[in-house]
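Keep in mind that this is a model prediction, so the values were computed, not measured. Chain letters run A, B, ... following the sequence lines, proteins first, then strands; residues in each count from 1. Atoms considered below: every heavy atom in the structure, side chains included; atoms not considered: hydrogens, waters and symmetry mates.
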Amino acid sequence: MKKNKGMIIAFMTPAVLMFVLVFLYPILRTILMSFFKIENITDSFSKWQFTGLANFSKLASTTLFKQSMWNLARIWFIGGLIVMSLALLFAVILTSGIRFKSFFRAVIYLPNIVSAVALATMWLQYVYSPKFGLLKNFFSAIGLDSLAKVQWLSNDHKFMALLLAYCFGMVGYHMLIFASGIERISQEYYEAATLDGANKFGQFRYITLPLLKGVFRTNITMWSVTSVGFFVWSQLFSTVTADTQTITPMVYMYMQIFGAGNSMTERNAGLGAAIGVMLSVIVVIIFWLCNHLLKDDDLEF
Amino acid sequence: MAKQKAQKTPFNWKRELKLAPGYLILILWITFTFMLLGWVVMASFSTTKEIFADQLLASGLHFENYSKAWFNSDVSGIFMHSLGYTVVSCTLLIVICAPAAYTLSRFDFIANKLIQTGLVSAMGVPVIMIVLPLFGLVANLGILNNVASNWLLMIFLYVGINVPYTTIFLMTFFSNLSKAFEEAAAIDGCPPTKTFWLIMLPMAQPGIITVTIFNFINIWNEYFISLIFANSDRLRPIAVGLYSMINSMKYTGDWSGMFAAVVIVFLPTFILYIFLSEKIIAGVTGGGVKG
């Protein structure tokens with residue numbers, strides 16, 4: 001083992017160095033920054049003013065930031081419900097022994113590999129277009145003229161439009177996770193249940209769902225991690241800076257720190273760091289809750 | 001992934017009829033997907049007038065939309081930037097992460113578990129937690145004022161943010177390889193470093209290909225980091241470039257050019273996907289990655 005020491009060091013150093021430079025050091029510094037007032041992001045540590053939790057309380061009393069958190073919560077919850085239900089439904093159908101399974105699966109996952117900017121543009125400029133949009137044409141074709149006239153990108157509908165477009169792109173990934181979980185469940189359970197006279201729905205409710213706990217945990221964690229970073233879609237769907245319908249904490253942070261050309265009231269990089277810390281804490285709490293609420297019950301399969 | 005062999009059941013009407021609702025739901029969903037993509041592709045070959053009149057392709061295929069987007073609107077520029085970023089970063093990622101992944105999967109040393117935990121946690125860290133200090137540091141060093149140093153910075157960042165994922169993915173892959181190869185090589189007197197480069201790395205090729213596809217897609221589509229660190233004409237990658245292009249094309253009213261630009265951006269990952277979708281899908285769930 002001793003002669004491997006040199007090799008271990010040589011092999012580990014580049015990766016560990018990158019990890020420390022890009023993750024460890026910035027994360028620790030961001031946490032530190034969140035307790036300081038920092039006028040300019042390039043200021044050295046000596047110019048920082050310690051303000052304790054002032055950044056956090058300031059954020060908690062900022063209307064626009066609260067709106068952004070509310071939007072994020074809606075995206076996480078409503079979007080999560082839509083994506084998880086569709087993903088689970090598709091996963092169940094895919095694993096029910098249908099033909100062309102690989103084809104269906106590949107097409108449903110397809111939006112995940114497309115650039116979000118390109119995908120959002122397709123939705124914005126085509127699906128929701130008031131002139132030649134897919135929705136408009138579809139609703140006029142089936143005679144629902146009142147729905148055909150809806151301005152999907154007006155302030156009243158913009159949030160739902162954004163959410164639906166986003167969910168469409170996310171279903172595929174979570175479907176794959178569910179499907180691989182279902183495929184790992186032994187067929188014997190279902191055979192035994194069929195012999196005992198359980199119908200398909202009962203089998204789903206009492207075999208599939210309980211055995212998918214761990215998979216649900218993975219999916220919810222992943223969904224939370226991606227939701228927290230919600231940015232591109234919001235930027236593409238907002239027509240003005242600080243659009244209250246689409247703003248998310250990431251967008252708010254970007255506006256504050258990297259200035260979107262408008263005069264924000266206060267320049268303080270510590271606020272941006274505090275937003276980061278808040279979001280990370282939320283992710284950790286969700287992760288912790290998932291681990292405790294969705295225990296595996298020592299089920300082996 | 002379960003083997004697809006079980007699919008060869010003989011066609012049975014009663015069985016298929018039971019599955020009809022499932023077929024219906026999936027067909028509706030993928031029809032929508034195809035309409036979305038198909039319309040955009042058709043629009044990219046039509047004139048702006050035809051798009052607004054809802055008569056796509058009425059006057060045949062207009063390839064000039066593509067040449068206009070490529071040359072006049074400088075899609076070629078951002079395309080080449082991104083191609084450079086992805087190729088260099090993906091290569092560096094393998095050179096840096098494969099040895100680390102191998103070491104983590106094979107050798108027992110003090111920090112092993114700690115490093116693994118660190119890497120796994122890093123995959124869940126919101127990017128907002130790392131950009132502020134990095135930006136401060138980079139701005140202080142004057143890196144953003146010079147194209148060459150800024151380019152190197154982008155490579156550094158693209159590699160850095162993908163190190164945890166790549167290492168963990170390859171680690172699971174290496175731990176599934178039999179130790180018998182190294183034992184045989186050791187008996188023949190091959191030093192461990194050489195064994196890695198000449199025997200183990202080539203054997204990990206399937207895993208390396210899969211993880212490189214993912215890295216390619218991730219870096220090609222990366223937006224937030226690029227927006228902050230590479231927001232100049234000479235460095236802008238494709239996602240950020242497309243965003244500013246779409247904004248300006250909306251005002252110039254060149255809608256067909258805009259859709260052509262969208263198609264150009266999405267084509268590379270799409271072509272990759274057509275040929276490698278099975279590998280990509282197996283990689284999402286198979287590698288035990290991301291949870």
Side-chain angles (χ1 to χ4, degrees), chain A residues 4 7-8 11-12 14-16 18-19 21-23 26-27 29-30 33 41-42 93 96 98 101-102 104-110 113-118 121-122 126-127 131-132 134 173 176-177 180 183 218 221-222 225 228-229 231-232 250 253 257-258 269 272-273 275-276 279-280 283, chain B residues 2 19 22-23 25-26 29-30 33 35-36 39-40 51-52 54 96-97 99-100 102-103 107 109 115 118-119 122 124-130 132-136 139-140 159-161 163 167 192-193 217 221 223-224 228 239 242-243 246 262 265-266 269 273 277-278 281 284-285 290-291:
Chain A
N4 289 330
M7 176 187 172
I8 293 175
F11 275 22
M12 289 309 300
V16 170
M18 290 301 276
F19 173 74
L21 285 175
V22 177
F23 286 99
I27 290 171
R29 198 173 160 103
T30 304
M33 280 169 78
I41 193 168
T42 48
I93 297 173
S96 65
I98 57 159
K101 176 181 157 192
S102 328
F104 284 130
R105 196 175 52 183
V107 178
I108 298 174
Y109 185 69
L110 173 67
I113 59 116
V114 177
S115 158
V117 181
T121 308
M122 294 178 194
Y126 170 47
V127 180
K131 295 199 182 68
F132 45 81
L134 178 67
Y173 173 76
L176 290 186
I177 309 276
S180 86
E183 274 167 350
T218 310
T221 311
M222 288 316 297
V225 170
V228 157
F231 182 80
V232 200
M250 280 278 274
M253 189 283 294
I257 309 295
F258 300 98
I275 297 173
L279 295 179
S280 306
V283 170
Chain B
L19 296 171
Y23 280 114
I25 294 169
L26 293 190
W29 184 270
I30 65 167
T33 310
M35 278 175 77
L36 183 63
W39 189 90
V40 171
I51 294 175
F52 277 88
D54 214 355
I96 291 173
C97 298
Y102 175 72
T103 316
F107 300 105
F109 54 98
I115 294 173
L119 291 173
V125 171
V127 67
I128 184 175
M129 282 298 279
I130 62 173
L132 296 177
L134 286 175
F135 189 81
N140 272 336
V159 171
I161 50 174
V163 158
T167 311
T193 315
I217 295 173
N221 295 338
Y223 186 77
F224 190 70
I228 288 172
L242 180 67
Y243 175 66
I246 287 167
V262 167
V265 168
F266 118 105
T269 49
Y273 190 65
S277 67
E278 280 303 301
I281 284 169
V284 173
T285 50
K290 294 196 167 180

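- Taking the six-membered ring where tryptophan is involved, the planes of A:Phe132 and B:Trp39 are essentially parallel, since the angle between them stays under 30° and well short of 60°.
- In this structure, the portion of A:Val127 lying under 4.5 Å from any heavy atom of chain B is its side chain and not its backbone.
- The two residues B:Gly124 and A:Val283 have their closest heavy-atom pair at O-CG1, 4.2 Å.
- Of the residues considered (B:Ile217, B:Leu26, B:Val127, B:Thr269), B:Leu26 shows the highest number of contacts with chain A, using heavy-atom pairs under 4.5 Å.
- In terms of non-hydrogen atom pairs under 4.5 Å with chain A, the most contact-rich of B:Leu242, B:Val159, B:Val125 is B:Leu242.
- To the nearest 0.5 Å, atom CH2 of residue B:Trp29 and atom CZ of residue A:Phe104 are 14.0 Å apart.
- Taken from CE in B:Met129 to CE in A:Met33, the straight-line distance is 10.5 Å, to the nearest 0.5 Å.
- Most heavy-atom pairs under 4.5 Å with chain B: of the set A:Val228, A:Thr121, A:Ile275, this distinction falls to A:Thr121.
- Interface residue B:Ile130: backbone and side-chain heavy atoms are both found under 4.5 Å from chain A.
- Residue A:Val114 touches chain B through both its backbone and its side chain, counting heavy-atom pairs closer than 4.5 Å.
- In this structure, no portion of A:Thr221 lies under 4.5 Å from any heavy atom of chain B.
- Taking the six-membered ring for Trp, A:Phe258 and B:Phe135 have ring centres closer than 6.0 Å.
- For the atom pair CD1 of B:Ile228 and CD1 of A:Ile257, the computed distance is 9.5 Å after rounding to the nearest 0.5 Å.
- The two atoms that bring B:Phe266 and A:Ala118 nearest to each other are CB-CB, 4.3 Å, heavy atoms only.
- Note: B:Thr33 leads B:Val163, B:Thr33, B:Val265 in heavy-atom pairs under 4.5 Å with chain A.
- The candidate from A:Leu134, A:Val16, A:Ile41 with the greatest count of non-hydrogen atom pairs under 4.5 Å with chain B is A:Ile41.
- Across all their heavy atoms, A:Ser102 and B:Glu278 have their closest contact at CB-OE2, 3.3 Å.
- Using a 4.5 Å cut-off between heavy atoms, B:Ile246 touches chain A through its side chain atoms alone.
- Listed options B:Ala139, B:Cys97, B:Ala122 were ranked by heavy-atom pairs under 4.5 angstrom with chain A; first place goes to B:Ala122.
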Next item on the list: Take A:Phe23 and B:Leu119 through the side-chain contact (heavy atoms from CB on, under 4.5 Å) test and state the conclusion after the steps.
Entry: CA-CA 9 Å; A:Phe23 286 99; B:Leu119 291 173; over 6 Å; no
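- The side-chain contact (heavy atoms from CB on, under 4.5 Å) check on A:Pro14 picks up B:Ile96, with sequence neighbours excluded.
- By number of non-hydrogen pairs under 4.5 angstrom with chain A, the leading residue of B:Leu132, B:Ile115, B:Thr167, B:Val262 is B:Leu132.
- B:Phe52 touches chain A through backbone and side chain together, each having a heavy atom under 4.5 Å away.
- Interatomic distance, OH of B:Tyr23 versus CD1 of A:Ile93, reported as 11.0 Å (0.5 Å rounding).
- To the nearest 0.5 Å, the span separating CE on A:Met253 from CZ on B:Phe224 amounts to 3.5 Å.
- No other option in A:Thr30, A:Ile113, A:Val225 has as many heavy-atom pairs under 4.5 Å with chain B as A:Ile113.
- Heavy-atom distances place both the backbone and the side chain of A:Ala15 under 4.5 Å from chain B.
- Listed by chain and number, the residues in a side-chain hydrogen bond (donor to acceptor under 3.5 Å, both in side chains) with A:Tyr126 amount to none (sequence neighbours excluded).
- Between B:Pro133 and A:Pro26, the closest heavy-atom pair is CG-O, 3.3 Å.
- The minimum heavy-atom distance linking A:Gly272 with B:Ile128 is given by the pair O-CD1, 4.2 Å.
- Between the side chain of B:Tyr273 and the main chain of A:Ala106, a donor-acceptor pair closer than 3.5 Å is present.
- Contacts between B:Leu36 and chain A at a heavy-atom distance below 4.5 Å involve backbone atoms as well as side-chain atoms.
- Looking at A:Met122, both its backbone and its side chain come within 4.5 Å of chain B, counting heavy atoms on both sides.
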